[in-house]
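Right, one structure below, let's go through it.
Per chain, numbering begins at 1; letters A, B, ... match sequence-line order. Every heavy atom of this structure was used, including side-chain atoms; hydrogens, water molecules and symmetry mates were not.
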There are 2 protein chains.
Amino acid sequence: MAIPDRTDVHAAWLPPEAFRAVGSRRVLVLGEGLLVDTVREEATRACARHGGGVRHRPPGGNGTADEPFDLVLALSTAEAPAVVTAVRDEFRRTSGQDAIGDEGFVLAHRDGVTVVLADEPAGLLYGFFHVVRLGETAFDAARPAEHHRPAMRRRMLNHWDNVDVHPVMGQVERGYAGGSIFWKDGALREDLTRVRAYGRLLAACGVNALSVNNVNVHRTEAHLLTDRLGDVAAIADELRPYGIRVHLSVNFASPVILGGLPTADPLDERVRQWWARATERVYQTIPDFGGYVVKADSEGQPGPFAYGRDHADGANMLADALAPYGGVVHWRAFVYNHRQDWRDRSTDRARAAYDHFAPLDGRFRDNAIVQVKYGPMDFQVREPVSPVIAAMPATRLAVEFQVTQEYTGQQRHVCYLAPMWSQVLGFRPFGADGPSVADIATDADTGGAAERAVRTAADGGAHAGGGLVAVSNVGDDRFWTGHPLAQANLYAFGRLAWDPRLDPVAVLDEWIDLTFVPSATADPERLRRTLHAMMDESWLTYERYTAPLGVGFMVRPGHHYGPDVDGYEYTPWGTYHFADRDGVGVDRTRATGTGFTGQYPKPWSDVYESLAECPDELLLFFHHVPYGHVLRNGSTVIQHIYDTHFEGVEQVAEIRRLWEKLDRELVSPEVHARVSELLDEQLRCAEEWRDQINTYFFRKSGVPDARGRRIY
Amino acid sequence: MAIPDRTDVHAAWLPPEAFRAVGSRRVLVLGEGLLVDTVREEATRACARHGGGVRHRPPGGNGTADEPFDLVLALSTAEAPAVVTAVRDEFRRTSGQDAIGDEGFVLAHRDGVTVVLADEPAGLLYGFFHVVRLGETAFDAARPAEHHRPAMRRRMLNHWDNVDVHPVMGQVERGYAGGSIFWKDGALREDLTRVRAYGRLLAACGVNALSVNNVNVHRTEAHLLTDRLGDVAAIADELRPYGIRVHLSVNFASPVILGGLPTADPLDERVRQWWARATERVYQTIPDFGGYVVKADSEGQPGPFAYGRDHADGANMLADALAPYGGVVHWRAFVYNHRQDWRDRSTDRARAAYDHFAPLDGRFRDNAIVQVKYGPMDFQVREPVSPVIAAMPATRLAVEFQVTQEYTGQQRHVCYLAPMWSQVLGFRPFGADGPSVADIATDADTGGAAERAVRTAADGGAHAGGGLVAVSNVGDDRFWTGHPLAQANLYAFGRLAWDPRLDPVAVLDEWIDLTFVPSATADPERLRRTLHAMMDESWLTYERYTAPLGVGFMVRPGHHYGPDVDGYEYTPWGTYHFADRDGVGVDRTRATGTGFTGQYPKPWSDVYESLAECPDELLLFFHHVPYGHVLRNGSTVIQHIYDTHFEGVEQVAEIRRLWEKLDRELVSPEVHARVSELLDEQLRCAEEWRDQINTYFFRKSGVPDARGRRIY
């Protein structure tokens, strides 16, 4: 294995300087296995650069190294020096547990030595990157022993990358960072060193799975399952040393498209056999293959409905094919009527996933994971948490986020999304005493067990959660993510999937300290302050200048960038705001609206139903109100719209001012230039949002701004 | 020359049956030249099919044929039988004219013989198709002698065909009839028989020029001028036998793109020499080449502005290059700022062409034709006539129509456009005593001389007009035009360019009688009635269910099909309606608006300025009015919007009902099925227009429909 070293690509959160603390130590790595070798190589390179050294133990030695060392990373099964066995015994004694866990590790200090102990090679790898992340702090002997294990067993990215350039969607659907790092113009890239570098970044933030192609599986991409499987295997080979398993988006109609069968009916024996054989061949080629991802009966993709079957039938068929090999199917719950008639006020897209999936609870196999977008609509800047997440206690659910900023500025706007994800993960659908979204997505046999116990009691089930999934924001851009600051979203997703209880501001701190601080020659504290001031609340800033009060959309159809208030208002997509001269918002109450509030358990079904109790920020998602409706902050809806839009733009101007004031030596000239250029665009676009939204609502309502500011 | 015979393509207005009257006669064709040969071949084929015969005259004969004949088509210079010389003498005596005119012909009867006489081969060709059009009537000995010559010297089609498939615009920009008949996937088509068949159709309706590529000249297409000139020559070869000259859209930056010069400055001597040499090579290859078409400084196309030059500088440079060979440049006046700020109410796109071009009047060369769209905006269903047409008396102006139905239903809707064109052509910008638009576009030395005399007196000029130009609606569709009934628009354009005074209803009658009646086995009168009922007022029907009262646009951005009331409202394109809760429309008055009304001469500058005098159908083009404003018909603006949109849909339903009632034997099953399918779509789309427009204005105005009909 070679650690990738691409100087033409930004190092993101793994610049050479980030390895200084580790690399200046005397390091001993104990254990066998591919991922242990990765740790050994990482340590070797770090030490070569920073003056430390990797120690060696004589083969068949007696448990002591032949050279002195400061840091030992050891598998608990390896014969180890006394400091290691002492740490192991201490862990067992204090925790009362025998196992550190599949991907877990212990970090402790003993006799002046820093010890990372893990049961499995993956745990050692995560322990190594944990030490990198902590830097010098990791070696503080006064630091208490720590035991880390991931909350989610599967921390996964979905790549919406196409093999062929799609005539409308391009190489990467909803990609804002250039082409795909896997595919180019219909073929696998020849040079995959960047894929390995990507795997390394993901391992360092905790991601352990990814799917390599778009959930909209077009004709060429369908062949990845069969005659182009070698391409997938080549990617898996690059990612394996960093503990990342590869998944594949498949077309539900593959037995027809690829197999020449007359049907893809999931209950047809020929179809089942076709999938069984295809899956067998996949595992012969890629023994650690993760599984399938499926978007079925959604936005034109084929699915079981065509055969009078339901989604459990479809998912279970694939689950059965994968079961012998330990694979899973991620079956997306993003199913709705995208040919809705805007004139029909009774159909509510927000209801669709629940209506389709909740009745199927209990019918999915153990290795069928229902993958649910965090909100009932589609990755808007503000949505309530999807009621599906609370509605399927007997199903393994994965929660899906969108790291790629489709509706949140498309990596041209600064928009740090971790605060939103954190809010979603912390949401308790059954009220304060019930489990959080994170608990529901969490595996019972990993972390978060305490919270799960509560939930298990509440819902009577005892199944495992399905983890966290997100759409990647990475492309072949030099900075990986278009906007250099959008790297923070990818980093934070991995960290929150590992531990949903992390504070987003602290995660941002980690990211800043890894990415920028080591190479900042002066005043890193100033850099930290500036980046926090720019990013901590950038999600709320973005919300302020775009669609108000949870109503969503108002984006330009097709590309979804920039404002177009009525852009989707009369379309078949089911995303409406119903603004007229008197008011705005979608009535989703049971009393007078679509009844969507009834999909929530108490207390939220009542909170959202009540105009008085509904949180302001979701008001227009749940209620149609007059412009004069008074919010809890004392402002009317219309004045709130004006105020937030003027404020949002002022905040962007302030972000831009902060960046311009920043000493250019604190970040590279290239980063500075790219961010400056994008901040210009963000300001322009925010002004456009402000003016279109304000003008639109002024023209409709006729209510002037109380502060007399310019509305066109 | 072979007359094309493509049975896989609809015969349009030249089905074999249309030649019955000619083909059952004994025909003599006298004269020499390519186009005379065409007439001879046409006659030969017609006679072979319908039992007549082509007669021959012995070489060097004495002026009488050796065989009896019913119809003689003769050049006036040819030695001819006595009946011909008698007709010639009679024409000279009664008309007092010596010349029949370049493309003109005389049709007369003498001693039981029908005589077509022309000075030039082109006249003979038009005379032949005139006889075809008249059918048996042509042979009625009681019919008085007729002298026809075209009002416009140049009757031209612009093809917006791309050589390469454009990633956004496709093979044909704004094409609704499939691919290009010239180009496919980056190359000239191998089989050009369809191009010749097209030339034949055009000759039969009077068109005599066309440009072979999109006015937006992309990189590949730029090379048609130089190394791919052979492609243009091949097309010219196919069209030449039908009297059609080929023109080429060129990129103003060609000296840079193709010639490697550092500039395309029209006053730079190197640039001028480059164009002179390039043009010389064109004429060496295509001696009857028509000239260039240029879209400069418009919607991203390069132009003289980049060099601080004006459009006269640009056009004259090309005119100078073309002058030695008798070529012309068509220089489009479609120049405006397409990056306008919607917040800026002072900029008015409608003003742009006048502001750019009127000051240049008198500065253009004689062979530089300024090509002006009929309206100041962009081919909307209703616009006032462009004020540029009245503003450049010392310039040759061509008026541009759009046969391709970009904004008028995209050949999925029945929309017979000739009534609109006829209205535009008959408009008199200087009032009832002044010349009409047709007069201004008319060559002084061809028809319409009487009217031109008036105008010449009025404006002090004595220049020649530039003719009529239109964007073609033809593609590689089996019916040529997508919608079979859209053929009528192409036919009518040619006919109106030949004679703008023709009645659009009579032209439609010609088209029906040529296209459908000859093959209708029963009740052709019923067919005529049905088609007239469907088509005569279809333009007004389309207007009723789309954007109201001349305000324009409200189409979906990009493809321009179907409604999106605010689609362009906040864009840089300059096409706004300014609807708010109180009213709608664009104030273009001098008193309080953009001052556009001042671009018209009297009386129209006053009529349009006055809210009381402004015609209802253009009200919102010129004025912003409250919804309660009362129209001349007594209705309020808002009630008029509701009424016309309900009516428009009812009329489409009636059109559909008429077609469904029609005996299927009266048209081919294939035509019937295609039209039926498209009428379903037209009705669906009209309902969508009705409901979006009505809902939009109801939501804004709050005024209910007086008749209580359903508004969503």
Side-chain angles (χ1 to χ4, degrees), chain A residues 165-170 339-347 554-559 562-573 576-585 624 626-627 638 684-685 687-704 710-712, chain B residues 165-171 339-347 554-559 562-573 576-584 624 626-627 638 684-685 687-704 710-712:
Chain A
V165 176
H166 186 273
V168 176
M169 292 299 176
R339 300 209 176 150
Q340 192 179 328
D341 190 332
W342 61 268
R343 288 166 282 220
D344 164 22
R345 296 285 280 255
S346 68
T347 302
M554 300 191 168
V555 293
R556 192 134 286 254
H559 59 58
D564 185 349
V565 181
D566 271 3
Y568 277 108
E569 191 60 12
Y570 301 94
T571 71
W573 292 95
Y576 313 120
H577 55 67
F578 301 118
D580 62 19
R581 77 200 311 262
D582 301 315
V584 58
H624 186 92
Y627 293 116
I638 186 72
R684 183 208 64 76
C685 188
E687 289 172 346
E688 189 66 32
W689 270 101
R690 175 195 66 195
D691 293 336
Q692 283 200 34
I693 295 274
N694 285 348
T695 298
Y696 181 95
F697 283 106
F698 175 65
R699 284 190 188 178
K700 274 229 156 107
S701 72
V703 179
R710 179 76 186 263
I711 295 177
Y712 294 88
Chain B
V165 176
H166 187 274
V168 176
M169 291 300 176
Q171 187 82 65
R339 301 212 174 148
Q340 191 179 326
D341 190 333
W342 61 268
R343 289 166 280 221
D344 164 22
R345 296 285 280 256
S346 68
T347 303
M554 301 191 168
V555 292
R556 192 135 283 256
H559 59 58
D564 184 351
V565 181
D566 270 3
Y568 277 108
E569 190 61 12
Y570 301 95
T571 72
W573 294 94
Y576 314 120
H577 54 68
F578 301 119
D580 61 20
R581 75 199 314 261
D582 301 315
V584 58
H624 186 93
Y627 293 117
I638 187 71
R684 183 206 65 76
C685 188
E687 287 172 346
E688 188 67 31
W689 271 101
R690 175 195 65 196
D691 292 337
Q692 283 200 33
I693 295 273
N694 285 349
T695 297
Y696 180 95
F697 283 106
F698 174 65
R699 285 190 188 178
K700 273 227 155 109
S701 71
V703 179
R710 179 76 184 265
I711 294 177
Y712 293 88

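Residues passing the side chain to side chain donor-acceptor pair (under 3.5 Å) test with A/R581, sequence neighbours excluded: none. A search for side chain to side chain donor-acceptor pair (under 3.5 Å) contacts involving B/R684 returns B/E681, not counting sequence neighbours.
For B/P563, no part lies under 4.5 angstrom from a heavy atom of chain A. Residue contact with chain A, scored on non-hydrogen atoms closer than 4.5 Å, involves the backbone and the side chain of B/E688 alike.
Ion pair B/E687/A/R343 not flagged as a salt bridge, since none of the NZ, NE, NH1 or NH2 atoms sits closer than 4.0 Å to an Asp/Glu carboxylate oxygen.
Interface remark: of the candidates A/T695, A/D582, A/D691, A/D564, A/D691 forms the most heavy-atom pairs closer than 4.5 Å to chain B.
Under the 3.5 Å distance criterion, the side-chain polar atoms of B/H577 are matched with a main-chain donor or acceptor of B/V565.
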